[in-house]
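This structure is a prediction, so every number in the text was calculated from the model and none was measured. Position 1 is the first residue of the sequence; numbering continues from there.
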Amino acid sequence: MHPSHPSSGRLTALGTQLIEIHDWLREELTRLRASLDSPGGAALSRELRAHCVGFCTALDRHHTGEDGGAFHALAEQAPELRPVLAELSADHRIVADLLRRLDALLIEAADGRSVRAELDGLAALLETHFTYEERKLVAALNRLAGDPVELLGVTPPHEGDILERTETA
């Protein structure tokens with residue numbers, strides 16, 4: 001549990017935490033894409049690869065948490081959201097495929113342009129996905145009780161996020 005969370009595991013409403021997590025993931029993706037434009041970024045330095053792997057891991061953990069936690073709880077408490085949840089889960093599978101392709105490019109030590117093209121496609125999909133998810137689910141999540149780590153897959157970012165720790169490791 002993150003040290004800023006009370007023992008109940010709940011600091012703010014889950015819907016609000018979802019927005020915080022999405023904003024953090026958006027910022028990290030922006031940082032990652034910008035690092036490709038920096039000198040040496042096209043060569044995919046070890047730090048850049050670590051940052052990319054860290055981002056992909058955090059995003060995958062978030063989506064896995066939603067599919068295995070929050071979405072099940074929402075489907076039980078708000079059955080009218082089931083079609084939306086199914087669409088979002090389908091998006092998660094598409095994102096997972098993009099993450100696998102990105103991982104393969106990193107393993108192959110592909111050029112920065114190939115990685116950038118995958119990241120640009122991922123960014124476009126995620127922005128649409130996050131916006132839709134927030135519009136459709138935040139109010140319902142705010143009514144839902146539970147541990148945010150279990151239900152959303154990632155704690156909201158605070159002073160030291162996963163990616164900074166990955167970069168310095």
Side-chain angles (χ1 to χ4, degrees), residues 1-35 50-103 118-167 169:
M1 182 183 319
H2 194 279
S4 67
H5 291 326
S7 60
S8 69
R10 190 119 190 232
L11 180 62
T12 58
L14 289 172
T16 303
Q17 287 186 350
L18 177 74
I19 293 170
E20 290 175 7
I21 291 165
H22 286 176
D23 287 346
W24 173 63
L25 289 167
R26 285 174 175 116
E27 290 168 11
E28 289 302 323
L29 184 54
T30 297
R31 280 184 47 212
L32 181 57
R33 291 167 72 205
S35 66
H51 186 177
C52 192
V53 168
F55 171 79
C56 292
T57 300
L59 180 60
D60 183 62
R61 188 177 310 133
H62 170 60
H63 283 167
T64 301
E66 286 179 332
D67 289 338
F71 288 5
H72 288 291
L74 278 175
E76 288 177 20
Q77 292 188 16
E80 70 279 5
L81 290 175
R82 286 183 178 151
V84 171
L85 298 171
E87 287 178 53
L88 292 168
S89 288
D91 280 357
H92 292 172
R93 289 187 295 277
I94 294 167
V95 168
D97 286 342
L98 285 171
L99 294 178
R100 279 190 287 279
R101 287 199 319 250
L102 187 56
D103 187 51
E118 285 297 319
L119 285 174
D120 287 348
L122 179 63
L125 176 60
L126 285 178
E127 188 53 43
T128 302
H129 173 79
F130 288 163
T131 300
Y132 179 72
E133 187 172 65
E134 291 164 3
R135 192 175 76 240
K136 295 292 188 175
L137 299 185
V138 167
L141 282 168
N142 281 342
R143 293 188 300 272
L144 191 63
D147 180 354
V149 174
E150 181 181 315
L151 294 173
L152 297 175
V154 178
T155 57
H158 292 286
E159 61 278 352
D161 63 37
I162 293 169
L163 302 177
E164 288 175 358
R165 287 191 299 269
T166 302
E167 289 177 335

Q | Results of side-chain contact (heavy atoms from CB on, under 4.5 Å) for S89 - residues two or more places apart only | A | D67, F71, R93
Q. Roughly how far, to the nearest 0.5 Å, is CD of E118 from CG of L102?
A. 6.5 Å
Q: Report yes or no: does N142 contribute a side-chain atom to a donor-acceptor pair with the main-chain N or O of T16 at less than 3.5 Å?
A: yes
Q) Would you say the side chain of E133 lies within less than 4.5 Å of the side chain of L18, judging by non-hydrogen atoms? A) yes
(Q) Could you walk me through whether L88 and L137 satisfy the side chain to side chain contact (heavy atoms under 4.5 Å, CB included) test, starting with their C-alpha distance in whole Å, then the side-chain angles of each, then the deciding distance to 0.1 Å, before giving a yes or no? (A) CA-CA 10 Å; L88 292 168; L137 299 185; 3.4 Å; yes
Q. Is the closest side-chain donor-acceptor distance between E66 and H62 under 3.5 Å?
A. yes
Q: Only counting residues at least two apart or in another chain, list the ones meeting side-chain contact (heavy atoms from CB on, under 4.5 Å) with D103.
A: I107
Q) For A70 and L141, which heavy atoms make the closest approach, and how far apart are they? A) CB-CD2, 4.1 Å
(Q) When you compare the side chain of L126 with that of L59, does any pair of heavy atoms fall below 4.5 Å? (A) yes
Q | Distance, nearest 0.5 Å, that separates CG of L29 from CG of L25 | A | 8.5 Å
Q.
As an exercise, state the distance from SG of C56 to CG of L119, rounded to the nearest 0.5 Å.
A. 7.5 Å
Q. How far does CZ of R33 sit from CZ of R31, to the nearest 0.5 angstrom?
A. 14.0 Å
(Q) Quick check: closest heavy atoms across L81 and A140, and the distance to 0.1 Å? (A) CD1-CB, 3.6 Å
Q. With under 30° as parallel and over 60° as perpendicular, where do the rings of H22 and F130 fit, or are they tilted in between?
A. parallel
Q) How far apart are the closest heavy atoms of L85 and A75, and which atoms are they? A) CD1-N, 3.7 Å
Q. Do the side-chain N and O atoms of E127 and T131 include a donor-acceptor pair separated by under 3.5 angstrom?
A. yes
Q: Calculate, to the nearest 0.5 Å, the distance between atoms CD1 and CG belonging to I94 and L122 respectively.
A: 11.5 Å
Q: Could you pull out all residues at least two apart from E134 that satisfy salt bridge (charged side-chain N to carboxylate O under 4.0 Å, His left out)?
A: R26
Q) Going through the checks in order, is the side chain to side chain contact (heavy atoms under 4.5 Å, CB included) test met by T64 and R61? A) CA-CA 5 Å; T64 301; R61 188 177 310 133; 5.7 Å; no
(Q) I need the D60 CG to F55 CZ distance, nearest 0.5 Å. (A) 11.0 Å
